[in-house]
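Chain naming here is simple, since letters A, B, ... match the order of the sequence lines and numbering starts at 1 in each.
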There are 2 protein chains.
Amino acid sequence: MVEPQLREPVEDTAVGLDEAVRGEIVAAVEAEDTNALRAAVDRLHVADLADLIEQLSHEQRRILIAALGDDLDPELLSELHGPVLTEVMELIGPRGTAEALSQLDTDDAVYVLNEADDEQQREVMAELSVEDRLMLQSGLSYPEESAGRLMQRDVVAVADFWTVGRVLQYLRREADLPDRFYEIVVIDGDRRPVGTVPLDRILRTNADLPIGMIMEPAEHLVPVDMDQEEVAFLFQQYRLVSAAVVDRDGRLAGAVTADDIADVIEAEVEEDAMLLGGVAETDIQETVWTTTRTRFAWLFVNLGTAILASAVIGMFDAAIEKIVALAILMPIVASMGGNAATQTLTVAVRTLATKELTTANARRVVLKEALVGAINGVVFAAIVGGIGFLWFGDWELGLVFAMSMIINMVAGALAGVMIPLVLDRFGIDPAIASGVFVTTVTDVVGFFAFLGLAALLLL
Amino acid sequence: MVEPQLREPVEDTAVGLDEAVRGEIVAAVEAEDTNALRAAVDRLHVADLADLIEQLSHEQRRILIAALGDDLDPELLSELHGPVLTEVMELIGPRGTAEALSQLDTDDAVYVLNEADDEQQREVMAELSVEDRLMLQSGLSYPEESAGRLMQRDVVAVADFWTVGRVLQYLRREADLPDRFYEIVVIDGDRRPVGTVPLDRILRTNADLPIGMIMEPAEHLVPVDMDQEEVAFLFQQYRLVSAAVVDRDGRLAGAVTADDIADVIEAEVEEDAMLLGGVAETDIQETVWTTTRTRFAWLFVNLGTAILASAVIGMFDAAIEKIVALAILMPIVASMGGNAATQTLTVAVRTLATKELTTANARRVVLKEALVGAINGVVFAAIVGGIGFLWFGDWELGLVFAMSMIINMVAGALAGVMIPLVLDRFGIDPAIASGVFVTTVTDVVGFFAFLGLAALLLL
């Protein structure tokens, strides 16, 4: 049994937003005290300020942004998400947004602009310098969630015949380098990456050696249109901290670093979790109205499948009229099958995402799931058979209860693993629709097996 | 509506295990052709080899490990997980394992040893040198999933009065440095970190400056017993690539780097997803028997709650006997409430984990959920009321159906957000038990409201 895990209490001061500072800012917002507000905000990391802003009400947000005025840190925009980001851009206006964007790294500016709605985007674009506008347009031209969107454009790249000493000199003199970098990319005459050199290796090496001699061959190059999920997989699999991005001709286009990847990993797993639960990713930030509409869709699909299951029950109304116990016990059969199916489904969806479940072991996994379902089915058949007999004093009813339990738990196990496998094969994200399909199967099979067997054997 | 997302097909050659190489290795294993096997394995990254080994059957694994013999890369062990890791340690024996461990970084060796069962651990410890044994014992003394387990021991640390030139000299001459590092920690006379210097800044700075002048103040120090989830949050929040770890006296103990964090983030979100689904994290690797037993526990809990819900139905057997339509429609009420609750629950669990849901906005979120539940409840009440009337030609039945739908969808929304909030307040991981509690609430409330109202109004 998976035991409840007692987590150690975490001091809020250690990580993230300080409760006291949060209280101070909220109080200053309520009092509309601009000076106190600025003083408190100054002590916050911009990422924590973004979190705080996401937790405020619309009115509080308006006051805070107005109080910050021109002192607003441009980085704040790149730390906000979804509806709150759009709202803040609205508050600071197209000119303020454009000014902030011009101070951000390309990848961050592209992220912010991408979140803006169409009208905002047009207005902000109009306020940008021609140079910035072209750069952002080129950034937006890469597909969403691709490596091109994640990468920084500025990369330190040197020719393979340069000596370590010359590289060091270049780094010391060149002003226009990225803010932070972890490796140097070695390129050939066509700007194609041929290798990378981690900075610590440069620091440890004799200045006379050519850089080409100490580089690592460029093994893990990222194509500019690679999906960010694949990029994250690459970073995790090969424990990368930085990777060069190449355009369609194999030329160096930029670099992705590990700090961007942490966000991608969380976002991707989060997306799956939210999809499985039938909600949108930005759910908590959305208005009551947007949330209601989004959730309505899945609830409506669920209503359809629930009616389907009820129609199955309706086929056997005569049996239920004679033996009311059938109505009492039938939800147990459906529920146990549904639960067994959800367990299998969870494993299948996650292991498909992490590539632990592949064509190489699919057959073995399906077989295993069927076996697990059958064993637990037999065990629970014995238990519920006994319960059925004790509750209603009818051993035939107990037998029908037990038999349908085995059938539905095997059906649940098979549906739980087969449905995501099939969806994945057709290129549909298995997280999205599996849950609905799978519980439809266990409801329909559960009711049909239980009531059908009862109609055959008990009437 | 969340639309099915068509994913672009991913070329398997680009990332991860190459299908052709996989086939080659499996064929060589089947043929027990040691030479072909070694040649194919040589072309694989050790992380990909680990993935492949996890997908093989027990027998195939035995043949592969035997063929590799002494050529087995020690890093392979640190890339394997759970039951497969234990199995491989069994295959190479305590001496082979000890030899591999002595070649690994401390954090990796501690990870491997921690996965071993008690007997294996004892046997391997006995084969280790005294020095290695002490180091591993000290590593194992940190709590599981703490920063102490993640960190490397070797850190490049220098005094704040050293000049950049002296640091460069030290790096060039000192042989005993970590394999890879991204920043240098500046310490005071008591070995307490006072700041950090990213390597690129050292490369860009004049050699005469004291390092203390170019360092960034040590803001994000990680206590050695901080939970790994908190460490990951720190890295994500402040976009860190490396962080110094300090012992209980504030002295430098090691460093955590971003490549370790990617695994932590995935593992933590994965853990939540698996807990929500009622399965163990290593499920796919476990034997049929272990999987069956682990899943049995949750199924058994589910049986208990299903019986509880059935007992509620049993209270109204007289009503069902008279109006069979009640038995046909009641699963719809339960199912819709359960689905609404699952949506709310998914959002609550995820946003609690990412600290988007906190005490600051809990009241607002609960209110919002109740409102969303009520609005969708009213809409679906209208729909199902109509369906009830059309299906059974009884407007009173439709009314009861509709009223119970509103009650259950609001109950589901409230349970979905309140239960995780309460569990979290008591320090219990909200992912673990919420699902069972929540659907119990919607089953019991759904059946009670529908059948109870029917008994009151229709009989």
Side-chain angles (χ1 to χ4, degrees), chain A residues 1 4-7 15 47 55 171 181-182 199-200 203-204 230 233-234 236-237 239 258-259 262 265-266 269 273 277-279 283-284 288 291-292 295-297 302 306 310 313-314 317 320-321 324 327-328 332 335 339 342-343 346-347 351 356 360-361 368 371-372 375-376 427-429 432, chain B residues 1 4-7 15 47 55 171 181-182 199-200 203-204 230 233-234 236-237 239 258-259 262 265-266 269 273 277-279 283-284 288 291-292 295-297 302 306 310 313-314 317 320-321 324 327-328 332 335 339 342-343 346-347 351 356 360-361 368 371-372 375-376 427-429 432:
Chain A
M1 161 123 204
Q5 297 174 324
L6 287 172
R7 291 184 304 185
V15 171
Q55 289 168 12
L171 292 178
F181 55 95
Y182 310 98
L199 294 190
D200 63 308
L203 285 167
R204 289 193 247 188
E230 293 300 310
F233 180 81
L234 209 64
Q236 283 187 286
Q237 182 79 342
R239 301 178 177 277
D259 52 326
I265 296 170
E266 171 129 359
V269 194
V279 289
D283 192 281
I284 197 174
V288 169
T291 299
T292 305
R295 298 210 195 152
F296 176 87
N302 184 63
S310 288
I313 302 175
D317 53 353
I320 293 173
E321 213 159 16
V324 179
I328 297 174
I332 300 181
S335 162
N339 212 293
T342 305
Q343 291 182 331
T346 305
V347 175
T351 51
E356 287 172 86
N361 59 353
K368 179 189 157 183
L371 212 59
V372 171
I375 298 175
N376 268 330
I428 299 169
D429 191 334
I432 194 161
Chain B
M1 160 123 204
Q5 297 173 324
L6 287 172
R7 293 183 303 184
V15 171
Q55 290 168 11
L171 292 177
F181 56 97
Y182 310 98
L199 294 189
D200 63 307
L203 285 167
R204 289 194 247 187
E230 293 299 309
F233 180 81
L234 209 63
Q236 283 188 286
Q237 182 79 342
R239 302 180 176 277
D259 52 329
I265 296 170
E266 171 131 357
V269 195
V279 288
D283 192 282
I284 196 173
V288 169
T291 299
T292 305
R295 297 209 195 153
F296 177 86
N302 184 63
S310 288
I313 303 175
D317 53 352
I320 294 173
E321 213 157 14
V324 180
I328 296 174
I332 299 181
S335 163
N339 213 293
T342 304
Q343 291 182 331
T346 305
V347 175
T351 52
E356 287 173 87
N361 59 352
K368 178 188 159 186
L371 211 60
V372 171
I375 298 175
N376 268 331
I428 299 169
D429 191 333
I432 193 161

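Here the closest heavy-atom approach between residue B/Q237 and residue A/A47 is recorded as O-CB, 3.1 Å. What you find for B/I332 and A/A306 is that their closest heavy atoms are CG1-O, 3.8 Å. For B/I328 against A/S310, the heavy-atom pair with the smallest separation is O-OG, 2.8 Å.
Only the side chain of B/T351 comes within less than 4.5 Å of a heavy atom in chain A; its backbone stays farther off. Heavy atoms of A/S335 lying under 4.5 Å from chain B belong to its backbone as well as its side chain. Both the backbone and the side chain of A/V288 come within contact range of chain B, each with at least one heavy atom under 4.5 Å from a heavy atom of that chain. Contact annotation for B/V324: only side-chain heavy atoms (C-beta onward) come within less than 4.5 Å of a heavy atom of chain A.
Note that CG of A/L171 and CG of B/D200 are 8.5 Å apart. Values are rounded to the nearest 0.5 Å. Note that CD of A/Q343 and OG1 of B/T291 are 10.0 Å apart. Values are rounded to the nearest 0.5 Å.
Most heavy-atom pairs under 4.5 Å with chain A: of the set B/L203, B/I313, B/I320, B/L199, this distinction falls to B/L203. Ranking B/R295, B/R239, B/E321 against chain A, the residue ahead of the rest is B/R295, based on heavy-atom pairs under 4.5 Å. Between chain A and the residues B/V347, B/N361, B/D317, the most heavy-atom pairs under 4.5 angstrom are made by B/V347. When each of B/N376, B/T346, B/D259 is scored by its heavy-atom pairs under 4.5 Å with chain A, the top score falls to B/N376. Heavy-atom pairs under 4.5 Å with chain B peak, among A/N302, A/L371, A/I265, A/T342, at A/N302.
For B/F296, the ring-ring contact (aromatic ring centres under 6.0 Å, His included) partners two or more places apart in sequence, or in a different chain, are A/F380, B/F300.
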